[in-house]
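Data block below; observations after.
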There are 2 protein chains.
Amino acid sequence: MLNVSSDVQRQFAVHPTFTARCGIDGMEGLVGRTSFVRRKVKCREHLFHAGQPRRSLFLVHAGTFKISMVTADGREKVAGFRYAGELLGLDALDIPSYACDVVALEDAEVWELPCSELTEERFEFVRWITSTLASEVRRDWNWMLTLGTLNAEQRVTAFLLDLAARMASMGFSERRFLLRMTRADIGSFLAIKLETVTRALSRLQTRGMISVRGRSIDLLDAARMRASLESEDRAGQVRMPRRRAAGGLPFTSTGRSVTALQAAA
Amino acid sequence: MLNVSSDVQRQFAVHPTFTARCGIDGMEGLVGRTSFVRRKVKCREHLFHAGQPRRSLFLVHAGTFKISMVTADGREKVAGFRYAGELLGLDALDIPSYACDVVALEDAEVWELPCSELTEERFEFVRWITSTLASEVRRDWNWMLTLGTLNAEQRVTAFLLDLAARMASMGFSERRFLLRMTRADIGSFLAIKLETVTRALSRLQTRGMISVRGRSIDLLDAARMRASLESEDRAGQVRMPRRRAAGGLPFTSTGRSVTALQAAA
DNA sequence: CGCTTCGTTGACCCCGTTCAACACAAGTGG
DNA sequence: CCACTTGTGTTGAACGGGGTCAACGAAGCG
């Protein structure tokens with residue numbers, strides 16, 4: 001059950017001085033003078049399992065990873081997805097074992113950063129880790145907000161827009177991209193069923209906002225998608241809020257406060 | 001809108017060497033040689049607002065705080081509650097302004113830790129912050145798992161058990177305690193409506209698992225409450241899983257894997 | 001070629017939302 | 001003192017979004 005990261009191809013070990021540019025929240029910090037190991041992980045292989053001893057962090061260099069946990073009664077729940085430039089294993093920094101499962105959704109490469117490098121001499125490295133953790137907390141809160149206030153179709157919309165933003169930050173097209181995860185994975189992450197994900201995608205396509213062909217997604221009207229997130233909460237009931245002052249305030253939201261999307265990106 | 005932390009009573013400033021025992025994940029770390037300021041915050045007062053410049057972290061010394069965010073269309077979403085021994089403001093460590101609102105739900109006291117203390121010379125302090133952030137990420141993931149897999153009544157049950165565990169860790173009774181937050185706050189956090197919270201509490205009381213009188217809660221059968229979390233997901237439909245092996249497996253869950261509760265505590 | 005995994009769509013129905021009414025306590029001002 | 005307001009909590013009735021179940025098609029693979 002735990003003999004996993006052994007089947008990950010261990011590649012040439014290097015101990016150079018490398019500079020990692022990380023697009024996380026504008027922090028382009030250097031991870032100075034840190035020895036690391038490159039690893040290739042093939043599609044569907046686990047990078048690590050919950051319960052395995054935590055010895056390293058992993059910087060995603062290429063590919064897509066799925067983070068998942070297991071409920072008390074054995075079902076899987078997806079906690080997130082990670083792309084190039086993001087870190088894996090951070091959540092277990094203060095405990096001896098990893099707390100989640102991480103599996104590659106396509107052939108991928110990671111840079112393994114031994115936790116032994118997290119010393120006083122590598123203060124800038126530690127600082128970078130801390131910053132990344134803080135932004136991770138904000139991202140999680142934003143998703144909790146998204147899942148707690150939006151209906152199924154809006155959640156899928158938010159998911160696609162978030163993905164598009166990540167694609168853009170990685171230099172890929174933000175209009176046309178491939179979903180590397182199944183509908184079940186998306187549904188698990190968004191706390192809806194896979195049939196609901198399918199139905200939401202179909203409806204968005206019917207409305208001309210996206211084009212879906214299997215896992216290939218084409219965003220046809222991102223502006224309208226973003227607009228659809230800013231009103232009509234759970235169930236489109238609105239029901240005219242019982243006359244309020246005069247004029248009945250229109251729905252042209254003067255977008256104050258951060259939308260879940262911007263912050264999650 | 002932002003002239004808030006000014007109405008917080010600034011108390012005698014001290015610059016001693018203090019040792020904070022923090023019950024977070026068994027880490028009883030010292031926050032060595034750090035200057036801090038004690039502040040009292042009265043019920044309903046904000047400790048800080050989203051958007052305010054972030055200059056300090058806050059260690060809750062006494063009282064209860066509510067963390068909330070604002071959706072794109074102006075509604076509030078509760079992101080969590082914090083009690084004695086926990087930190088506030090961590091999520092904004094890598095950005096110049098606080099990212100959420102924090103308000104006291106009862107008269108409280110915090111220790112203000114200036115972020116300027118987060119230097120290389122205070123490496124142990126930084127390390128403690130990092131560890132706390134990691135456990136915060138895990139806690140958030142566990143709540144996402146809870147909200148994504150349990151129905152309304154189970155969420156309320158999980159909330160009460162989590163609260164009981166926190167009370168116990170603070171030396172209070174884990175059987176009888178007061179809710180410092182409204183039904184609306186609980187519902188916002190659990191992604192259900194306040195009426196649903198009320199109904200769930202009433203039903204738990206009817207079943208003899210708890211006793212409710214306003215905000216006073218009495219856990220009468222915590223064991224049965226814990227057991228109720230380990231099966232019957234969303235909507236009690238079960239529908240007899242089409243005959244499985246022999247014997248129709250009883251509901252005496254052999255609690256393998258971590259329950260959301262244990263991890264969230 | 002089966003075999004498995006994945007995706008789509010339709011029909012039915014239940015849990016939680018919505019709306020409404022009411023109870024209760026705490027201020028507040030006359 | 002009462003009247004009034006505001007915030008909070010409880011409960012009932014009705015509705016609908018999304019879950020459940022089922023059937024089918026498509027794609028990948030040994």
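Hydrogens, waters and symmetry mates play no part in the numbers below; they use all other heavy atoms, side chains included. Throughout, a chain's letter reflects where its sequence line sits, starting with A, and its residues are numbered from 1.
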D/dT11 OP1/OP2 closer than 4.0 Å to side-chain N/O of B/Ser202: yes
Side chain of B/Glu195 - closest among C/dC6, D/dT11, D/dG18: D/dT11
Sugar-phosphate only, base, or nothing, as touched by A/Arg215 at under 4.0 Å among non-hydrogen atoms: sugar-phosphate
Steps toward side-chain contact (heavy atoms from CB on, under 4.5 Å) verdict (B/Lys66, B/Glu76): CA-CA 12 Å; B/Lys66 176 178 76 172; B/Glu76 180 195 51; 3.4 Å; yes
Sugar-phosphate, base or nothing in reach of B/Leu201, heavy atoms under 4.0 Å: nothing
Sugar-phosphate, base or nothing in reach of B/Thr198, heavy atoms under 4.0 Å: base
Out of D/dT8, D/dG19, C/dT17, whichever nucleotide has its closest atom nearest the side chain of A/Ile192: D/dG19
Ring centers of A/Phe172, A/Phe177 separated by less than 6.0 Å: no
Ring geometry between A/Phe159 and A/Phe81 (parallel below 30°, tilted from 30 to 60°, perpendicular above 60°): perpendicular
Test item: A/Ser211 and A/Gln205 side chains (from C-beta on) under 4.5 Å apart, heavy atoms: yes
Closest to side chain of B/Arg199, choosing from D/dA13, C/dT8, D/dT10: D/dA13
Nearest-neighbour nucleotide for the A/Thr182 side chain, D/dT10, D/dT20, C/dC6 considered: C/dC6
Nearest to side-chain heavy atoms of B/Arg183, which nucleotide of C/dT8, D/dG9, C/dG16: D/dG9
